[in-house]
Trainee: 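First the structure, then my questions, so here it is.
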Amino acid sequence: MFIPLLRESSRRLPRSRFGSGALISLPFIHHQGIAGPEHEVSCLQSYTGKSHLIQGSTVFESDFERNLFALRQEKLRQIEALGQPAYPNSFAATHSIPELRSTYDNATAEQLDANRINVAVAGRIMAIRLQGKAGFAQLQQNGVRLQIYVRKDAVGDRAFELYKLLDLGDHIGVTGYLFRTRTGELTIHVETITFLAKAMLALPEKYHGLADVELRYRQRYVDLFMNTVLNEGTPAEIPIRDVFIKRAKVLAALRKFFDSRGFVEVETPMMQPIAGGAAARPFVTHHNTLDLDLFLRIAPELYLKRLVVGGIDRVYEINRNFRNEGISTQHNPEFTMLEFYQAYANYWDLMDLTEECINFVAQEVNGSTKTWFNGTEIDLSQWQRLSMREAIIKWWPTEFGAAPSLTTFATPDGLERFLNESLQYLHTHYPQIVTPSSEVQGVDIERHRRLRSLLLLINGQLILLRGDLTPLAEAVMKALKIPGAIPPLPRQPQPLGKTIAGIFEAIAEPHLIQPTIIYDFPLAVSPLSKQKPDEPDWVERFEFYIGGFELGNAFSELNDPEEQRKRFEQQIAQRLRGDDEAHQMDEDYVRALAYGLPPTGGEGIGVDRLTMILTGASSIRDVILFPLLRPRRATPDTENEQPQQEE
RNA sequence: GAGCUCGUAGCUCAGCUGGUAGAGCAUCGCCCUUUUAAGGCGCUGGUCCUGGGUUCGAAUCCCAGCGAGCUCACCA
């Protein structure tokens, strides 16, 4: 199976050196003085025949790479012939490249000559320039580069032979002394070269790096050492390596912040019999010995509050949550969340703590509270606070006619009447909205699309509120060519609070670019938070938004076991109505509350999203080392075995 | 789940009013002892994502699929 493939590919191998019949111009053939096509065929086959990688593997993209691998194997052999092991175990460096650069970047040529600095450093070759009997290369370590200068008369014949066998991407160690070149660049004048490891594959193009977004995610190892710059040409420009360095700093800063305030870091189950603490669909897994279905956690919330019951008054956890939802620039199925709980605190205390925390982390990570995100400068020290109802009123679109007032939200009837009026208003003032923007000429496409989606939104909310299609709503749906109701028709009208929250998200969220705390949420969307004493339909809860999306969610925790059980039952009722994100019953959690949870404030902060804000990365995948992607089909064989059977 | 855009050499990209594929980097060979996106000369490298269709002829047009990005929907 392999041999025919080799022969086939052999025909396309380079023929330059040995004329028309030559198979491949392998340096070792030259060195051994063997010539002629027959020998070459047998040589290539004999040594590729020893390689599991070349024979059986799917790591190669092409014959080009397969051949390159074979050539590099031969170079390794020649390196061994020069007396250096192909895969040595260590190298004793005296400095790291970042150390050398930071220490001697300002040293003058005269200083370096007068006081010779002998060094031994290791790194990956990221640029190499041979010039006859001398050459330059750039070694990279931890994202920092340092030039080396190799002269044949300084390193000797053998070492210079080795230098000529080096390729882009190889790891080497060198000893020598620092000097400055004619053009002033800090450089190591090399005295010895130690071969450390070979790059058997070709590096991406040296100027542009790895630009293909998909390749960058799939082969993050390449992306990282190529260190491609994100947001090039903008104030938010940042090499990808620095994104992840900053991510590490975000985690360290968060720990520093909470540790210094007496919080205890804990780890609670990520495999849970009941996936609770949030509204989301969980992943399911199975424990064989116990024959038990388990859920990957969607939140640590209920376990952390059990710990507060247990007397850990200040507790936090930083870990992964898993939600079986769609993927977007703000969503990855697994994401990192900080959750913390503080006994005897309420949501007002947490608002202050949140502002302090984000401020602190920004300073630790960036040395500034200002950051660039999606083309806007954001100041993480300047916060505004609005209630959800105020936010809806504030950002009610002018195209929709009159904005609601605070009393609009008091009763379902009031809200329904208001939404109906808005729908009528839209319908009469913008009769063209129902036409798709692609079919309308001479209009502002963005505005048109916005109006259209707002029309849809109101429609949907009315349907949800009422549980049926009124004639006007039906007419709009028909005009918009929407088959059936969107969202799906509920059997009963949904609670008022859910509609209000839906309107808020659609209308206000995109405006929340600068840090904003939105407080007082409807009870109906908050099964775990405490009611406001004077407004029982509303709870003491806030979310904070930066850059147009939600970063955190906090509330005064519900600690009345009886009320908690009732909320669970309501959630179960919603579940039965088809809402599979509604909360499940957790009797043990209710039991824990029955032992007495002190008044407690709790909050969750999305660490990935916070990192996005602090690094200017506009996609969550740019702050996750290995974001979830569809697997690539492994081999050409399985490719052919897959008929197009899916609809 | 829907819409838009993209998929050409290992990498970065041209070619897309249909005539059977090109550049730069990398690779390979030669020259070059202070270069730095080194330079010069020469060679090589492609199931143009996959499968159908239209056509005398498809990288190019049409359909379907696969993968990705963005926007929207859902959620955090």
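Within every chain, numbering begins at 1; the chains are lettered A, B, ... in the order of the sequence lines, protein sequences first and strands thereafter.
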Trainee: Is there a side-chain contact (heavy atoms from CB on, under 4.5 Å) between Leu625(A) and Leu224(A)? Walk through the geometry before answering.
Mentor: CA-CA 9 Å; Leu625(A) 282 166; Leu224(A) 281 170; 4.2 Å; yes

Trainee: Assign Asn332(A) to base, sugar-phosphate, or nothing according to its heavy-atom contacts below 4.0 angstrom with the strands shown.
Mentor: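 The residue Asn332(A) makes base contact.
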
Trainee: Establish, with yes or no, whether the OP1 or OP2 oxygen of C70(B) is under 4.0 angstrom from a side-chain nitrogen or oxygen of Ser619(A).
Mentor: yes

Trainee: Counting just side-chain N and O atoms, does Arg630(A) come under 4.0 Å of either OP1 or OP2 of A68(B)?
Mentor: yes

Trainee: Would you call the rings of Phe179(A) and Tyr149(A) parallel, tilted or perpendicular, where under 30° means parallel and over 60° means perpendicular?
Mentor: tilted

Trainee: Counting any heavy atom closer than 4.0 Å, what does Gly604(A) reach on the DNA or RNA strands: base, sugar-phosphate only, or nothing?
Mentor: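 Since no nucleic acid heavy atom lies under 4.0 Å of Gly604(A), the category is nothing.
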
Trainee: Say we look at A58(B) and U47(B): how far apart would their C1' atoms be, to the nearest angstrom?
Mentor: 15 Å

Trainee: On a plain distance test, is the side chain of Glu185(A) in donor-acceptor contact with the base of U34(B) below 3.5 Å?
Mentor: no

Trainee: Determine the Euclidean distance between corresponding C1' atoms of C61(B) and U20(B); express it in Å to zero decimal places.
Mentor: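 The same atom, C1', in both gives a distance of 16 Å.
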
Trainee: If A2(B) has a Watson-Crick or G-U wobble mate with both distances under 3.5 Å, name it; if not, just say none.
Mentor: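 Checking every strand shown, A2(B) finds its partner in U71(B), with both distances under 3.5 Å.
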
Trainee: Could you check how far OH of Tyr163(A) sits from C1' of C32(B), rounded to whole Å?
Mentor: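 My rounded result for the distance is 12 Å.
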
Trainee: So what does Ala127(A) touch, heavy atoms closer than 4.0 Å: a base, only the sugar-phosphate, or nothing?
Mentor: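 Counting heavy atoms under 4.0 Å across all strands, no contact is made by Ala127(A).
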
Trainee: I would like to know whether Thr354(A) and Glu603(A) meet side-chain hydrogen bond (donor to acceptor under 3.5 Å, both in side chains); could you show each step before the answer?
Mentor: CA-CA 9 Å; Thr354(A) 299; Glu603(A) 178 165 345; 2.7 Å; yes

Trainee: Can you tell me, in whole Å, how much space there is between the C1' of U35(B) and that of A9(B)?
Mentor: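 Per the computed distance, 29 Å lies between those C1' atoms.
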
Trainee: Map Leu203(A) and Asp167(A) onto RNA chain B by nearest heavy atom, then report which one ends up closer to the 5' terminus.
Mentor: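 Mapping each residue to its closest nucleotide by heavy atoms, the 5'-most match is Leu203(A).
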
Trainee: Could Arg158(A) and Glu161(A) be called an ion pair, given the rule that one side-chain N must be under 4.0 Å from one carboxylate O?
Mentor: no

Trainee: Would you kindly give the CZ-to-P distance between Arg66(A) and U47(B), to the nearest whole Å?
Mentor: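 Rounding to the nearest Å, CZ of Arg66(A) and P of U47(B) are 12 Å apart.
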
Trainee: Taking 4.0 angstrom as the limit, do Asp167(A) and Lys198(A) come out as a salt bridge?
Mentor: yes

Trainee: What interatomic distance, in whole Å, is found between P of G3(B) and the corresponding atom of G18(B)?
Mentor: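 Looking at atom P only, G18(B) and G3(B) are 27 Å apart.
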
Trainee: Quick check: any donor-acceptor pair below 3.5 Å linking the side-chain of Arg182(A) to the base of U34(B)?
Mentor: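 By the distance-only test, no, there is no pair.
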
Trainee: Phosphate oxygens OP1/OP2 of A26(B): is one of them under 4.0 Å from a side-chain N or O of Arg129(A)?
Mentor: no

Trainee: Of the listed nucleotides (U12(B), A37(B), U35(B)), which one gets closest to any side-chain atom of Leu210(A)?
Mentor: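 Nearest to the side-chain atoms of Leu210(A), counting from C-beta on, is U12(B).
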
Trainee: Atom CE of Met226(A) to atom P of A37(B): distance rounded to whole Å?
Mentor: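 Rounding to the nearest Å, CE of Met226(A) and P of A37(B) are 15 Å apart.
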
Trainee: So what does Phe549(A) touch, heavy atoms closer than 4.0 Å: a base, only the sugar-phosphate, or nothing?
Mentor: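 No contact.
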
Trainee: Minimum heavy-atom separation for Gln131(A) to Phe136(A), with atom names?
Mentor: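 Closest approach of Gln131(A) to Phe136(A), heavy atoms only: OE1-CE1, 4.4 Å.
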
Trainee: With rounding to whole Å, what would you report as the distance between C6(B) and G29(B) at their C1' atoms?
Mentor: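 The answer is 38 Å between these two C1' atoms.
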
Trainee: Select base, sugar-phosphate, or nothing to describe what Ala279(A) touches, counting heavy atoms under 4.0 Å on all strands.
Mentor: sugar-phosphate

Trainee: Within the 4.0 Å heavy-atom criterion, would you say Arg216(A) contacts the bases, only the backbone, or no part of the nucleic acid?
Mentor: nothing

Trainee: How many Å lie between OH on Tyr207(A) and P on A26(B), as a whole number?
Mentor: 14 Å

Trainee: Determine the Euclidean distance between corresponding P atoms of C56(B) and A2(B); express it in Å to zero decimal places.
Mentor: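 Straight-line distance between the two P atoms is 36 Å.
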
Trainee: Could you check how far CZ of Arg281(A) sits from P of G1(B), rounded to whole Å?
Mentor: 11 Å

Trainee: Look at all strands and tell whether Lys133(A) reaches a base, only sugar-phosphate, or nothing, counting heavy atoms closer than 4.0 Å.
Mentor: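 If one applies the 4.0 Å heavy-atom cut-off, Lys133(A) turns out to touch a base.
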
Trainee: A37(B) C1' sits how many Å from Gln138(A) CD, rounded?
Mentor: 10 Å

Trainee: Please tell me which of the listed nucleotides, U34(B), C28(B), C25(B), lies nearest to the side chain of Gln131(A)?
Mentor: U34(B)

Trainee: CG of Leu168(A) versus C1' of C28(B): gap in Å, rounded?
Mentor: 14 Å

Trainee: Where each residue is assigned the nucleotide of RNA chain B containing its nearest heavy atom, which of Thr329(A) and Tyr149(A) is assigned the position nearer the 5′ end?
Mentor: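 This one resolves to Tyr149(A).
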
Trainee: Select one nucleotide: of U33(B), A68(B), C70(B), the one nearest the side-chain heavy atoms of Leu629(A).
Mentor: A68(B)

Trainee: Counting heavy atoms from C-beta on, name the nucleotide in U27(B), A26(B), U33(B) closest to the side chain of Leu71(A).
Mentor: U27(B)

Trainee: Of all the nucleotides listed (U34(B), C28(B), C11(B)), which has the minimum atom distance to the side chain of Phe179(A)?
Mentor: U34(B)

Trainee: With both distances under 3.5 angstrom, what nucleotide forms a Watson-Crick or G-U wobble pair with G24(B)?
Mentor: C11(B)

Trainee: Considering non-hydrogen atoms only, spot the tightest contact between Leu112(A) and Leu178(A) and give its length.
Mentor: CB-O, 3.9 Å

Trainee: Side chain of Leu215(A), heavy atoms from C-beta onward: which of U34(B), C11(B), C70(B) has the nearest atom to it?
Mentor: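 Closest nucleotide to the Leu215(A) side chain: C11(B).
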
Trainee: How is Glu65(A) classified with respect to the nucleic acid when contacts are heavy atoms under 4.0 Å: base, sugar-phosphate, or nothing?
Mentor: sugar-phosphate

Trainee: Taking atom CZ as the centre, does Arg218(A) end up with more than 12 heavy-atom neighbours from other residues, nucleotides or ligands that are less than 6.0 angstrom away?
Mentor: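 Yes, CZ of Arg218(A) has more than 12 neighbouring heavy atoms, counting only those of other groups under 6.0 Å.
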
Trainee: Base, sugar-phosphate or nothing for Gln147(A)? Non-hydrogen atoms, less than 4.0 Å.
Mentor: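 Base: the residue Gln147(A), judged by heavy atoms under 4.0 Å, touches a nucleobase.
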
Trainee: Using the C1' atom as the point on both nucleotides, what is the distance between C32(B) and G42(B), in whole Å?
Mentor: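 Approximately 16 Å lies between the C1' atom of G42(B) and that of C32(B).
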
Trainee: For Arg609(A), answer base if it contacts any base atom (sugar-phosphate contacts may also be present), sugar-phosphate if it contacts only those atoms, and nothing otherwise; contact means non-hydrogen atoms under 4.0 Å.
Mentor: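 Base contact.
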
Trainee: Would you kindly give the CG-to-C1' distance between Asp212(A) and A9(B), to the nearest whole Å?
Mentor: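 The answer, rounded to whole Å, is 15 Å.
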
Trainee: Pick base, sugar-phosphate or nothing for Phe322(A), based on heavy-atom distances below 4.0 Å to the nucleic acid.
Mentor: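 Phe322(A): no heavy atom of the nucleic acid under 4.0 Å.
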
Trainee: Which is true for Leu201(A) with a 4.0 Å heavy-atom rule: it touches a base, it touches only sugar-phosphate, or it touches nothing?
Mentor: nothing

Trainee: Using the side-chain heavy atoms of His208(A), tell me which of these nucleotides is nearest: G69(B), U34(B), U12(B).
Mentor: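 Output: U12(B).
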
Trainee: Would you classify Arg218(A) as touching base, sugar-phosphate or nothing, given that sugar-phosphate means primed atoms plus P, OP1 and OP2, and contacts are heavy atoms under 4.0 Å?
Mentor: sugar-phosphate

Trainee: Heavy atoms only, 4.0 Å cut-off, all strands: where does Arg145(A) land among base, sugar-phosphate and nothing?
Mentor: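 No contact.
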
Trainee: Strictly by modelled atom types, are Asn332(A) and Arg621(A) linked by a side-chain donor-acceptor pair under 3.5 Å?
Mentor: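 On atom types as modelled, these side chains do not qualify, holding no pair under 3.5 Å.
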
Trainee: Using the P atom as the point on both nucleotides, what is the distance between U12(B) and C30(B), in whole Å?
Mentor: 30 Å

